[in-house]
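To start, the structure under review is shown below, and the notes come after it.
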Amino acid sequence: MNESRVPPCEASALDERSVAVQPLGGGDPLRTLDQARANFVSAGISVAEWARDHGFSESLVRSILAGRRKCLRGQSHAIAVALGVKRGGCTAP
């Protein structure tokens, strides 16, 4: 299975189901963790599927959604930005 991965900081949608959890624009309000979790339900996708589609660790995404990570740098920061719970650019690995 050779899937192409979209860098976590790109705002392009992978498909119509992932649009609900794409990064927010500069002027949009940030989401709360509850809103980010609710977006998975409303979009009809699992956290595992979203993590795979974006090239992230499922357990790390779950830790962030549970509020157990500060998301200051690295992949945690990139996930928080992709979920729309934190502003900030990130650099490609």
Taking all non-hydrogen atoms of both residues, which atom of [X] and which atom of [Y] are closest, and how far apart?
X     : Y     : answer
Leu60 : Ser76 : CD1-OG, 3.5 Å
Leu72 : His77 : C-CB, 4.0 Å
Leu65 : Val47 : CD1-CG2, 3.9 Å
Phe56 : Ala82 : CE1-CB, 4.0 Å
Leu33 : Gly67 : CD1-CA, 3.8 Å

Separation between OG (Ser59) and CZ (Arg68), nearest 0.5 Å, reads 9.0 Å

d(Lys70 NZ, Lys86 NZ) to nearest 0.5 Å is 11.0 Å

Any non-hydrogen side-chain atom of Val41 less than 4.5 Å from a side-chain atom of Arg37?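 Of all side-chain heavy-atom pairs linking Arg37 with Val41, none is under 4.5 Å.
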
Hey, are the side chains of Leu83 and Asn39 touching, using non-hydrogen atoms and a 4.5 Å cut-off?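 Of all side-chain heavy-atom pairs linking Asn39 with Leu83, none is under 4.5 Å.
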
Could you check whether atom CZ of Arg69 has more than 12 heavy atoms from other residues, nucleotides or ligands sitting under 6.0 Å from it?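 Open.
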
